[in-house]
Number of protein chains: 2
Amino acid sequence: MSRARITTPSSMGEALDFLRSAMEDRGWVALFASCKALYEGRGASESSEGDVLVIIKPDRTIIVHGPSGYKPLNWQPSGSAITLSEQSGHLEIRALRRSPRELLVLECGRVYAIAALQAPQSPEFYMYLSESEIRDVLVEHPELIEEGLRIAGIERPVEPGFIDMYGYDREGRLVVFEIKRVKAGEQAARQLLRYIEAIKTRGLKDVRGILLAPDFTESAIRLLELSGLEYKRLDLRRLYELASKRLSARGTKSLLDYMRGSKE
Amino acid sequence: MSRARITTPSSMGEALDFLRSAMEDRGWVALFASCKALYEGRGASESSEGDVLVIIKPDRTIIVHGPSGYKPLNWQPSGSAITLSEQSGHLEIRALRRSPRELLVLECGRVYAIAALQAPQSPEFYMYLSESEIRDVLVEHPELIEEGLRIAGIERPVEPGFIDMYGYDREGRLVVFEIKRVKAGEQAARQLLRYIEAIKTRGLKDVRGILLAPDFTESAIRLLELSGLEYKRLDLRRLYELASKRLSARGTKSLLDYMRGSKE
DNA sequence: AAGTAAATGTCGACG
DNA sequence: CGTCGACGTTTACTT
């Protein structure tokens with residue numbers, strides 16, 4: 001049996017039946033129709049009838065797209081209660097959200113086509129780079145952090161856990177790094193602080209600690225400055241480029257290869 | 001004949017043909033597929049393979065939705081140049097935006113279902129051609145620009161961005177083309193000039209630059225003549241006729257398909 | 001749960 | 001082509 005089903009329904013009853021069965025059991029629906037939208041909630045809107053693409057996702061997010069532009073004409077977020085019915089020759093789709101109370105009603109005069117997909121396998125979408133990939137790039141390009149830095153090791157076990165990366169600055173002082181792939185919060189700052197204090201209690205006084213992240217929360221910066229620690233913003237795009245180069249040098253096709261386009 | 005068409009393609013070639021013809025005349029497309037997404041531009045992202053819904057709107061907005069949430073996983077705004085191709089059993093969809101320079105590449109390993117809707121045929125929209133479609137026609141019909149011209153490549157990255165198209169004239173001189181779908185202004189002329197200067201600074205002196213558009217502003221023409229560049233008016237009606245023919249002739253692997261491949 | 005800041009924010013208006 | 005402001009902003013994170 002196929003996971004995908006499609007139809008160009010010849011009647012509203014047929015369309016309704018198809019939609020009902022498609023929406024059972026985590027169904028996913030794309031519906032081309034001519035319809036009118038009514039919305040009431042935080043704002044209010046009413047549209048004249050026109051061609052739209054209605055998407056219903058497995059999590060019951062509903063999105064109504066017009067023929068142009070990035071933004072949907074109407075939508076209702078995940079978890080809204082969707083009910084289908086036939087009203088005097090029209091297919092009516094209602095999506096109700098409880099808090100805040102918002103209602104979206106679609107009145108479809110004509111249904112051109114419906115496609116449905118069962119039980120989607122979600123992509124493990126990840127943005128930019130993993131923490132270890134960032135670290136690998138920084139090991140090869142310590143100048144991105146500061147001039148004269150020499151990386152000496154990674155994943156070094158210390159009392160409370162593992163130090164992501166460490167090295168020595170141009171004056172020979174030990175520098176300990178904590179790397180975060182996403183915005184670093186107070187948690188990350190505290191983690192670095194613990195490592196630094198653990199090292200200092202072992203007698204090594206002249207230690208620098210630097211938190212590396214694409215961004216920092218206010219509270220993280222406050223704690224770092226209070227504790228005499230440092231932080232340095234990472235340019236993820238730059239890191240991404242270098243990581244791609246690294247990977248393509250190993251024969252893995254990366255986005256940069258696509259961007260290079262045709263070569264002669 | 002119905003405005004809507006649907007298919008659950010049994011091969012990538014079939015999917016590609018369906019998509020190509022669906023994208024004629026400001027068509028809409030909804031595509032259920034398992035695919036991997038690569039994006040680089042203002043940000044950068046990469047996803048593992050997973051089920052997504054790809055929407056292509058009549059204005060060439062492309063939106064990639066995952067199985068949950070309001071926000072798309074990836075997208076490219078209206079007017080981006082969308083090209084379709086088959087790459088070693090994968091369906092590849094590329095959407096290129098020039099300013100800011102952003103590229104989205106979708107590698108679909110499986111295509112579950114495609115639904116397409118033909119937009120209402122108001123006369124002005126009937127003649128709609130995207131920049132990439134104009135370029136594709138010109139690649140196959142360089143004689144529309146001048147006799148003896150040979151097109152050598154498209155979407156070539158150069159310092160400031162991407163060259164739309166380039167080739168060699170009957171005397172073997174390199175010719176760089178900038179294509180505009182609408183009336184070309186000073187901006188477009190400057191863009192071409194930047195490309196030409198970038199190439200000249202690399203040592204290649206004998207380069208021609210030609211701006212291609214249905215019309216030109218006075219200031220654009222002034223700048224072009226001042227800079228020793230050329231311009232050539234495009235006959236959109238003629239291009240449209242050829243584009244329609246191109247798309248209706250399916251299954252024929254064109255030069256474009258080879259050029260889109262990363263190497264020869 | 002409420003408040004705050006970022007986003008590939010998008011989108012429109014205006015100089 | 002910039003900058004400014006609004007958005008049913010959404011989303012993630014802190015309090």
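Given the structure is predicted, the values throughout are model-derived calculations rather than measurements. Chain A is the first sequence line, chain B the second, and so forth, proteins listed ahead of strands; every chain is numbered from 1.
- Taking 4.0 angstrom as the limit, A:Arg42 places a side-chain polar atom (N or O) nearer than this to OP1 or OP2 of D:dT10.
- If you find the closest nucleotide of DNA chain D to A:Arg97 and to B:Arg190, the one lying nearer the 5' end belongs to B:Arg190.
- Regarding B:Leu38, its CG atom lies at a distance of 16 Å from the P atom of C:dT8, rounded to whole Å.
- Of the P atoms belonging to C:dT4 and C:dT8, the separation is 22 Å, rounded to the nearest Å.
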Practice task
Between protein and nucleotides 1-6 of chain C, map the contacts as a letter string: B base, S sugar-phosphate only, - none, heavy atoms under 4.0 Å, written 5' to 3'.
Solution key: -----S
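- Residues from residues 68-78 of chain A with heavy atoms under 4.0 angstrom of DNA chain C, sorted by number: A:Gly69, A:Tyr70, A:Lys71.
- In this structure, the CG atom of A:Leu96 is 15 Å from the C1' atom of D:dG8, given to the nearest Å.
- Atom name C1', nucleotides D:dT11 and D:dC7: the rounded distance is 14 Å, in whole Å.
- Separation of the P atoms belonging to D:dG8 and D:dC4 is 22 Å when rounded to the nearest angstrom.
- Proximity of A:Ile145 to A:Phe177: side-chain heavy atoms (C-beta onward) are separated by under 4.5 Å at one or more points.
- With a cut-off of 3.5 Å on both pairing distances, the Watson-Crick and G-U wobble pairs of DNA chain D assemble into stems of 3 or more at C:1-7 with D:9-15, C:9-15 with D:1-7.
- Using a 4.5 Å heavy-atom cutoff, the side chains of B:Met165 and B:Leu212 are in contact.
- Note: A:Trp28 and B:Phe32 have perpendicular aromatic rings, judged against thresholds of 30 and 60 degrees for the angle between ring planes.
- With respect to B:Arg190 and B:Glu178, no salt bridge is recorded, no charged nitrogen being found less than 4.0 Å from a carboxylate O.
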Exercise for the section: For B:Arg94 and B:Glu92, run salt bridge (Lys or Arg N to Asp or Glu O under 4.0 Å): C-alpha distance rounded to whole Å, both residues' side-chain angles, the deciding distance at 0.1 Å, then the answer. Expected result: CA-CA 6 Å; B:Arg94 293 161 138 246; B:Glu92 190 182 286; 3.0 Å; yes
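- With respect to the salt-bridge test (charged N to carboxylate O, under 4.0 angstrom), the residues A:Arg135 and A:Asp164 do not qualify.
- Near DNA chain C, meaning a heavy atom under 4.0 Å from it, residues 46-65 of chain A has no residue at all.
- For the residue pair B:Glu46 / B:Tyr39, no side-chain donor-acceptor distance below 3.5 Å is found, with atom types taken as modelled.
- Partners of A:Arg110 under the salt bridge (charged side-chain N to carboxylate O under 4.0 Å, His left out) rule, at least two apart in sequence or in another chain, do not exist in this structure.
- One finds no salt bridge joining B:Glu186 and B:Arg222 here, because no Lys/Arg side-chain nitrogen approaches an Asp/Glu carboxylate oxygen to under 4.0 Å.
- For the pair B:Glu131 and B:Arg98, the salt-bridge criterion is met [side-chain N within less than 4.0 Å of a carboxylate O].
- Residues A:His141 and A:Glu143 have side chains that bring a donor and an acceptor to within less than 3.5 angstrom of each other.
- Residues passing the side-chain hydrogen bond (donor to acceptor under 3.5 Å, both in side chains) test with A:Glu225: none are found, sequence neighbours excluded.
- With rounding to whole Å, A:Arg101 atom CZ is found 16 Å from D:dG8 atom C1'.
- Residue B:Arg20 holds its CZ atom at 8.5 Å from OG1 of B:Thr83, rounded to the nearest 0.5 Å.
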